[in-house]
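The residues of the chain are indexed from 1 along the displayed sequence.
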Amino acid sequence: MNFKDKTVLITGASTGIGNAIAKNLIDEECNLILTARRSDLIEKDFSHINNERILILKCDVSKKEEVRNAYQSSISRFGKIDIAILNAGYGEPVTVNNYNSEFAENTFGANVFGIIYWVEQLLPDFIRNKNGIIAGVSSLADNRGFSGSGFYCSSKAAASVYLEGLRIELKPYNIKVITVKPGFVKTPMTDKNDFEMPLLMSAEKAASIIIDGIKKEKRIIQFPWQIVWITRFVGMLPGSIYEYLALRFGKK
């Protein structure tokens with residue numbers, strides 16, 4: 001698979017991984033639909049490019065009506081979407097000391113419903129044409145409940161399981177569903193973290209890995225390999241042992 005002459009949607013394109021993917025795809029001769037709540041940041045990065053192949057839209061993926069409007073604008077401009085990279089995400093360190101359900105609403109709104117709302121718009125055309133790629137960005141943090149990240153981890157677990165089920169359902173329609181599971185990537189979101197992030201990767205490197213994985217139509221794109229194996233090991237630990245280690249070595 002290559003991106004040439006394809007129409008590619010990227011959500012969360014204002015910063016971080018989404019922004020880096022967009023910049024990487026500029027030379028791929030594809031149409032780009034770039035969305036974010038802060039569309040002005042996208043305009044700032046891409047305003048110097050005089051290219052009719054780029055459409056920039058303001059869209060909060062947690063709001064169904066905004067997603068519907070963005071989809072309709074995309075179809076009006078390009079007639080179709082071939083590849084959807086559903087990258088928009090939200091995360092905030094939340095402990096019992098600053099616990100507030102609003103954090104959960106924001107987190108699940110972006111990380112779970114942000115994927116679901118876009119899939120709702122994409123499916124009719126994808127199924128009719130029996131073609132399309134949906135790449136949803138989850139996280140390697142989807143395997144356990146990490147202290148201070150309960151909302152984030154559970155939202156990513158929900159996204160991963162949802163995408164897995166969707167992949168099975170859509171296989172007979174020749175629609176590829178890819179789950180993207182990065183480790184620690186330097187973005188404005190991870191900049192909020194006050195704990196050590198091993199093997200922290202640049203957004204540019206992460207974008208390159210994701211693009212390569214989509215071209216190869218991988219089922220799951222996960223990286224870096226060291227964190228993949230660590231999370232697999234942690235995921236196999238009995239609950240009592242995991243909780244002991246988390247309390248013993250985790251963030252206070």
Side-chain angles (χ1 to χ4, degrees), residues 1-47 49 51-63 66-90 110-122 125-126 132-139 159 163 175-182 185 187-189 202-215 217-218 221:
M1 200 284 297
N2 63 69
F3 288 88
K4 182 177 171 59
D5 295 327
K6 300 287 197 307
T7 297
V8 184
L9 164 74
I10 305 171
T11 68
S14 58
T15 60
I17 294 174
N19 186 266
I21 291 174
K23 289 176 178 175
N24 268 266
L25 291 181
I26 287 294
D27 296 325
E28 294 277 348
E29 298 183 57
C30 58
N31 301 320
L32 290 176
I33 303 162
L34 309 179
T35 80
R37 291 181 300 170
R38 293 289 311 278
S39 58
D40 57 306
L41 296 180
I42 307 177
E43 294 278 2
K44 182 179 178 182
D45 280 340
F46 292 89
S47 60
I49 302 173
N51 194 335
E52 292 184 355
R53 285 182 172 266
I54 298 176
L55 174 63
I56 297 171
L57 297 170
K58 181 182 184 302
C59 177
D60 181 342
V61 297
S62 69
K63 293 179 169 47
E66 290 194 23
V67 171
R68 184 185 294 113
N69 291 339
Y71 175 76
Q72 291 172 349
S73 296
S74 301
I75 297 303
S76 295
R77 174 71 172 271
F78 297 118
K80 63 173 184 173
I81 293 174
D82 299 295
I83 302 166
I85 303 174
L86 305 180
N87 159 81
Y90 177 87
N111 300 350
V112 182
F113 285 98
I115 295 175
I116 291 171
Y117 291 155
W118 267 107
V119 169
E120 182 178 28
Q121 298 301 314
L122 294 164
D125 283 343
F126 276 18
I133 294 176
I134 298 167
V137 178
S138 180
S139 169
L163 290 165
I175 299 167
K176 309 293 191 304
V177 177
I178 298 170
T179 306
V180 182
K181 300 168 72 169
V185 178
T187 67
M189 186 170 70
S202 70
E204 291 71 26
K205 176 63 175 176
S208 178
I209 293 170
I210 292 168
I211 291 169
D212 183 62
I214 293 173
K215 286 181 176 180
E217 297 185 3
K218 290 186 173 182
I221 303 169

So do the side chains of K181 and S139 get within less than 4.5 Å of each other, counting heavy atoms only?
no
Assess the residue pair T7 and I33 against the criterion (side-chain contact (heavy atoms from CB on, under 4.5 Å)); give the C-alpha distance rounded to whole Å, side-chain angles, the decisive distance to 0.1 Å, and a yes or no.
CA-CA 7 Å; T7 297; I33 303 162; 3.6 Å; yes
I want to check something: taking the side chain as every heavy atom from C-beta on, are L86 and V119 in contact at a cut-off of under 4.5 Å?
yes
Do V67 and C59 have side-chain heavy atoms sitting under 4.5 Å apart?
yes
About how many Å separate CG of D40 and CG of D45, when rounded to the nearest 0.5 Å?
10.0 Å
Check whether any side-chain heavy atom of I133 sits under 4.5 Å from a side-chain heavy atom of I175, and report yes or no.
no
Which of these, D27, N24, V8, sits in a side chain to side chain contact (heavy atoms under 4.5 Å, CB included) with F3?
V8
Main-chain N/O of N87 paired to T11 side chain as donor or acceptor, under 3.5 Å:
yes
Contact check, side chains of I211 and I21, non-hydrogen atoms, under 4.5 Å:
yes
Would you compute the distance between atom CD of Q121 and atom CG of N69 and round it to the nearest 0.5 angstrom?
9.0 Å
Restricting to pairs with a member in residues 6-19, which pass salt bridge (Lys or Arg N to Asp or Glu O under 4.0 Å), not counting sequence neighbours?
none
Stepwise side-chain contact (heavy atoms from CB on, under 4.5 Å) test for I134 and I178
CA-CA 6 Å; I134 298 167; I178 298 170; over 6 Å; no
Does this structure show an ion pair linking E28 with K215, if we count only N-O contacts that are shorter than 4.0 Å?
yes
If you take all heavy atoms of G136 and L163, which pair is closest and at what distance?
O-CD1, 3.7 Å
Minimum side-chain heavy-atom gap L25-I10 below 4.5 Å:
yes
Scanning both residues in full, the closest heavy-atom pair of S14 with I42 reads CA-CG1, 3.6 Å
Check: T187 and T15 side chains under 4.5 Å, non-hydrogen atoms:
no
Rounded distance [0.5 Å steps], NZ in K44 versus CD1 in I56
13.5 Å
With rounding to the nearest 0.5 angstrom, report the CG to CG distance, N31 to D82.
8.5 Å
Any side-chain heavy-atom pair of F46 and I26 under 4.5 Å:
yes
Report yes or no: does R53 contribute a side-chain atom to a donor-acceptor pair with the main-chain N or O of E29 at less than 3.5 Å?
yes
Atom CZ of F113: over 12 foreign heavy atoms under 6.0 Å:
no
Report the residues that fulfil side-chain hydrogen bond (donor to acceptor under 3.5 Å, both in side chains) with T179, sequence neighbours left out, ordered by chain and then residue number.
R167
Tightest non-hydrogen contact, residues A159 and I115, listed as CB-CD1, 4.1 Å
NZ of K176 to CZ of F126, rounded to nearest 0.5 Å, is 11.5 Å
Quick check: closest heavy atoms across A22 and L32, and the distance to 0.1 Å?
O-CD1, 3.8 Å
Heavy atoms only: give me the nearest P188-G16 pair and the separation to one decimal.
CD-N, 4.2 Å
Full working for side-chain contact (heavy atoms from CB on, under 4.5 Å) between W118 and L9:
CA-CA 10 Å; W118 267 107; L9 164 74; 3.5 Å; yes
Consider only side-chain N and O atoms of Y117 and D60, and report whether a donor and an acceptor are under 3.5 Å apart.
no
Which atom of A203 lies closest to which atom of V185, heavy atoms considered:
CA-CG1, 3.7 Å
How long is the straight-line distance from CD1 of I49 back to CD1 of I54, given to the nearest 0.5 Å?
4.5 Å
side-chain contact (heavy atoms from CB on, under 4.5 Å) between D212 and I214, worked out
CA-CA 5 Å; D212 183 62; I214 293 173; over 6 Å; no
